[in-house]
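So you know, we letter chains A, B, ... as the sequences are listed, proteins then strands, and number each from 1. Because the structure is a prediction, the values reported are computed rather than measured.
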Protein chains: 2
Amino acid sequence: MVCLMAPRFDPASVTPLFEQAADYVAGQIEVGELAPGQKLPAERDLADEWGIAYQTVRRAMRELRERGLVVSRVGKGTFVASGSQPT
Amino acid sequence: MVCLMAPRFDPASVTPLFEQAADYVAGQIEVGELAPGQKLPAERDLADEWGIAYQTVRRAMRELRERGLVVSRVGKGTFVASGSQPT
DNA sequence: GGCGATTTGTACGTATGTATT
DNA sequence: CAATACATACGTACAAATCGC
């Protein structure tokens with residue numbers, strides 16, 4: 001099971017929460033903590049675990065999708081994209 | 001067959017729809033209109049009858065489950081919990 | 001055992017309203 | 001005013017369990 005421990009995002013930071021969240025996941029992928037094909041927790045679960053709003057997680061995931069780092073499918077989940085490895 | 005007439009929930013109210021729905025069912029149980037062991041209509045049917053979204057009914061049912069008023073089983077349905085009577 | 005219908009459960013996608021900064 | 005964030009609600013797709021045939 002993928003964990004993605006609570007990374008304590010900072011609401012007071014100049015970088016917005018959705019950016020912090022996206023960068024955090026991107027980092028986990030780069031480091032290899034999240035492997036291609038691996039399923040992420042549900043967005044609403046992440047919202048709960050991270051203590052931020054669902055729509056903020058949505059936006060973070062949108063960022064990651066646009067960067068090609070993850071792929072989402074309705075009814076299935078969000079997965080680390082194939083070819084998102086640190087070479 | 002259990003009916004649970006359309007109670008005309010108010011989308012403009014400060015109390016959210018899922019809360020209104022949960023309170024409505026809870027009231028029916030308290031009054032004895034719904035007896036322990038009795039099967040509720042399917043969640044999607046309730047959504048239709050009440051004119052609200054399935055996921056909103058889901059959340060109302062979640063509330064009721066957390067209050068111990070109903071029990072749900074996959075493939076079977078949702079039932080009024082034993083010990084949910086008005087004493 | 002298989003198949004279809006029923007029903008709850010899970011999950012992403014989208015829209016809107018409100019509050020705060 | 002605009003961007004961010006939160007909460008609610010609706011829509012849709014996919015999944016698993018149960019039951020009757």
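- Between C:dT8 and B:Ser72, no contact under 4.0 Å exists linking OP1 or OP2 to a side-chain N or O.
- An OP1 or OP2 oxygen of C:dT8 is reached within less than 4.0 angstrom by a side-chain nitrogen or oxygen of B:Thr78.
- Closest non-hydrogen pair, A:Ala26 versus A:Leu69, comes out as CB-CD1, 3.7 Å.
- Nearest to the side-chain atoms of B:Val74 among the listed nucleotides C:dG13, C:dT7, C:dT10 stands C:dT7.
- Per the geometry, CE belonging to B:Met61 stands 10 Å off P belonging to C:dG9, to the nearest Å.
- B:Arg65 pairs by the side-chain hydrogen bond (donor to acceptor under 3.5 Å, both in side chains) definition with B:Ser72, not counting sequence neighbours.
- Sequence neighbours left out, the pairs with a member in residues 12-29 of chain A that pass salt bridge (charged side-chain N to carboxylate O under 4.0 Å, His left out) are A:Glu19-A:Arg67, A:Asp23-A:Arg67.
- Atom CD1 of B:Ile29 sits about 11.0 Å away from atom CD of B:Glu33, to the nearest 0.5 Å.
- If you check C:dG13, C:dC12, C:dT8 against the side chain of A:Arg65, the one that comes closest is C:dG13.
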Below 3.5 Å is the cut-off: list the nitrogen or oxygen pairs between protein and nucleotides 2-4 of chain D, distance only.
residue, atom, partner, partner atom, Å
D:dT4, OP2, A:Arg59, NH1, 3.4
D:dT4, OP2, A:Arg59, NH2, 3.2

Pairs: protein N or O with nucleotides 19-21 of chain C N or O, under 3.5 Å:
none

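- Residue B:Phe79 contributes atom CZ, which lies 11 Å from atom C1' of C:dT8 at whole-angstrom precision.
- In this structure, the CG atom of B:Asp48 is 12 Å from the P atom of D:dT12, given to the nearest Å.
- Interatomic distance, A:Thr56 OG1 to A:Leu46 CG, rounded to the nearest 0.5 Å: 12.0 Å.
- Note that CZ of A:Arg58 is 14.0 Å distant from CZ of A:Phe18, once rounded to the nearest 0.5 Å.
- Between the P atom of D:dA9 and the CZ atom of B:Arg62 lies a distance of 12 Å, rounded to the nearest Å.
- Nucleic acid contact class of A:Arg73 (heavy atoms, under 4.0 Å, all strands): sugar-phosphate only.
- Nearest heavy atom pair, residue A:Pro36 against residue A:Ser82, reads CB-CA, 4.0 Å.
- B:Thr78 OG1 to B:Glu43 CD: the interatomic distance, rounded to the nearest 0.5 Å, is 4.5 Å.
- Going from atom CG of B:Asp45 over to atom C1' of C:dT6 covers 10 Å, rounded to whole Å.
- For B:Phe9, the side chain to side chain contact (heavy atoms under 4.5 Å, CB included) partners at least two apart in sequence or on another chain are B:Pro7, B:Leu17, B:Gln20, B:Ala21, B:Tyr24, B:Trp50, B:Ile52.
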Please list, pair by pair, any protein nitrogen or oxygen found under 3.5 Å from a nitrogen or oxygen in nucleotides 19-21 of chain D.
residue, atom, partner, partner atom, Å
D:dC19, OP1, B:Lys76, NZ, 3.1

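- Looking at which nucleotide of DNA chain D each of A:Ala53 and B:Tyr54 is closest to, the 5′-most match is held by A:Ala53.
- Contact record, A:Gly68 with A:Ala81: O-CB, 3.3 Å, taken as the closest heavy-atom pair.
- The nearest whole Å value for the distance from the CD1 atom in B:Ile52 to the C1' atom in D:dT8 is 12 Å.
- Distance check, rounded to the nearest 0.5 Å: CG of A:Leu40 to CG of A:Leu64 gives 8.0 Å.
- Closest approach to the B:Lys39 side chain among C:dT7, D:dC6, C:dG13 is made by C:dT7 (side chain taken as heavy atoms from C-beta onward).
- Atom-to-atom, CZ of A:Arg58 to C1' of C:dA15 comes out at 12 Å; the value is rounded to the nearest Å.
- Closest to the A:Glu43 side chain, of the nucleotides D:dT8, C:dT8, C:dG13, is C:dG13.
- A donor-acceptor contact under 3.5 Å is formed by the side chain of A:Arg44 with the base of C:dG13.
- Rounding to the nearest 0.5 angstrom, the gap separating the CD atom in B:Gln38 from the CZ atom in B:Phe79 is 10.5 Å.
- The listed nucleotides are D:dC6, C:dG13, C:dA15; the one nearest the side chain of A:Gln55 is C:dA15.
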